[in-house]
Protein chains: 2
Amino acid sequence: MPERRPRADAVRNREAVLAAADRLFARSDSPEHVSMADIAAEAGVGKGTLFRGFGDRTGLIQALYEARLDPIRRTVAEGPHPLGPGTPPVQRAAAVLDALLCFKLDHRHLSLALEEAATGSPYGAEHYDWWHGTLRGVLAEIPGFDGSDFAAHALLAAVRADLVDHLAGRRNIPRERLRADLATYTTKVLNSP
Amino acid sequence: MPERRPRADAVRNREAVLAAADRLFARSDSPEHVSMADIAAEAGVGKGTLFRGFGDRTGLIQALYEARLDPIRRTVAEGPHPLGPGTPPVQRAAAVLDALLCFKLDHRHLSLALEEAATGSPYGAEHYDWWHGTLRGVLAEIPGFDGSDFAAHALLAAVRADLVDHLAGRRNIPRERLRADLATYTTKVLNSP
DNA sequence: GAACCATACGGACCGTCGGTCCGTTTATGC
DNA sequence: GCATAAACGGACCGACGGTCCGTATGGTTC
């Protein structure tokens, strides 16, 4: 099959929609108050265009999240020290969790939107499987570390968007304090007998 | 003020509604597919009664959750070994987390419904604060343990309903395996240098 | 640049849901 | 019994996610 390229206006609109959604989520205090109609209006586009381009609300949010997170994902997969492969596993696992925490702090609204949108839970979204698989692999390289599968889930749960939002947003814990707390915690998990 | 007792039919209906909701959540695969109208119909009651009695959907689910969880909460607060006070802190923290995991396994649908209902996140529901405060207190009793506040959040995140549901439900990990995995993990956290 | 067609557009429209409102019924105290 | 406050229940409302189809437009070919 010849794999026709999409029309120029379709590409333009797709970008406009993602940008509009990003803006609206950042502006509003709770992602559920941002309706699909709002996003369409902000992007200067009909509602039909949203649903044609992204399938449904979850699809749109996932696409946006994926686009923003992709750089970090790449860095972890093939980037330089300390995120990339080639870093000793204990240090790398800590670096990955720290990077994830920072991302969720920097994109709090978006991350929140994603976890709310993914039907019921973030689990089952393919990007979660990727993070879990990667982290589990790193943990498994630590000598004498057992239970890496569950530990990977549990460590990722420690940086879930709603928890981060609760601590940073509602309780006003400063960024560096959170990073330090997370580092202390991960150290406990990673350097256990 | 004379503090009039509620009418008998109101009490009866309240029970009927809670029982109906419990049944419906247990039956359906996803809590969001259980509507307030469904619950009212199942309880043989008008929709108005639901909202008068519980305020809104979140209130109803919280009331139900609270009712089911209360026994465990009591046991932790004032019960016998190993959940109650008087147990050495490392052992007690592990026991509390195990009890919470078991509860979420036994009431998977209900727990899922709660986390979905609480606007945005389970944080901010007063019962979460109670668990966090309690666990933090136990952790703080462990000699040389620092970062108990964040650690309490992180450990509770490891037994969140949607994670438990993902592992036990979608991935079919057996109950005892999960309990063992959690125990291994908590041991790492609690017995760190 | 004209004509053709696949592709994309957009907003009226639909079903459902949480939540409200108010006329009606009923339990309770005297 | 009777009066009355309390509770009932279901018609009703506004909002939302998602669909549908007549219309517009970018791309291609001559």
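What you see is a predicted model; the values in this text were computed from it and never measured. Lettering of chains follows the sequences in order, A, B, ..., and the numbering in each one begins at 1.
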Closest non-hydrogen contact found for Val96(A) with Trp131(A) is CG1-CZ3, 3.9 Å
The criterion is side-chain contact (heavy atoms from CB on, under 4.5 Å); which residues satisfy it with [X], sequence neighbours excluded?
X: Asp106(A); result: Arg175(A)
X: Asp149(A); result: His132(A), Arg136(A), His153(A), Arg171(B)
X: Ala140(A); result: Ser148(A)
X: Ala67(B); result: none

Taking side-chain hydrogen bond (donor to acceptor under 3.5 Å, both in side chains) as the test, write out the residues that go with Glu78(B), two or more places apart.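 Glu78(B) satisfies side-chain hydrogen bond (donor to acceptor under 3.5 Å, both in side chains) with no residue once adjacent residues are dropped.
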With sequence neighbours excluded, tell me which residues meet side-chain hydrogen bond (donor to acceptor under 3.5 Å, both in side chains) with Glu42(A). Arg23(A)
Does Thr49(B) make a side-chain N or O approach to OP1 or OP2 of dA7(D) shorter than 4.0 Å? no
Test salt bridge (charged side-chain N to carboxylate O under 4.0 Å, His left out) applied to Glu66(B) - qualifying residues, sequence neighbours left out: Arg73(B)
Spell out protein contact along nucleotides 15-21 of chain C as letters: B when the base is contacted, S when just the sugar-phosphate is, - when no protein heavy atom is under 4.0 Å; keep the 5' to 3' order. --SBBB-
Would you tabulate the nitrogen or oxygen pairs shorter than 3.5 Å linking the protein to nucleotides 24-27 of chain C?
| residue | atom | partner | partner atom | Å |
| --- | --- | --- | --- | --- |
| dT26(C) | O2 | Arg7(B) | NH1 | 3.2 |

d(CG, Asn13(A); P, dG26(D)) in whole Å: 11 Å
Ile39(B) CD1 - dG10(D) C1' separation (whole Å): 17 Å
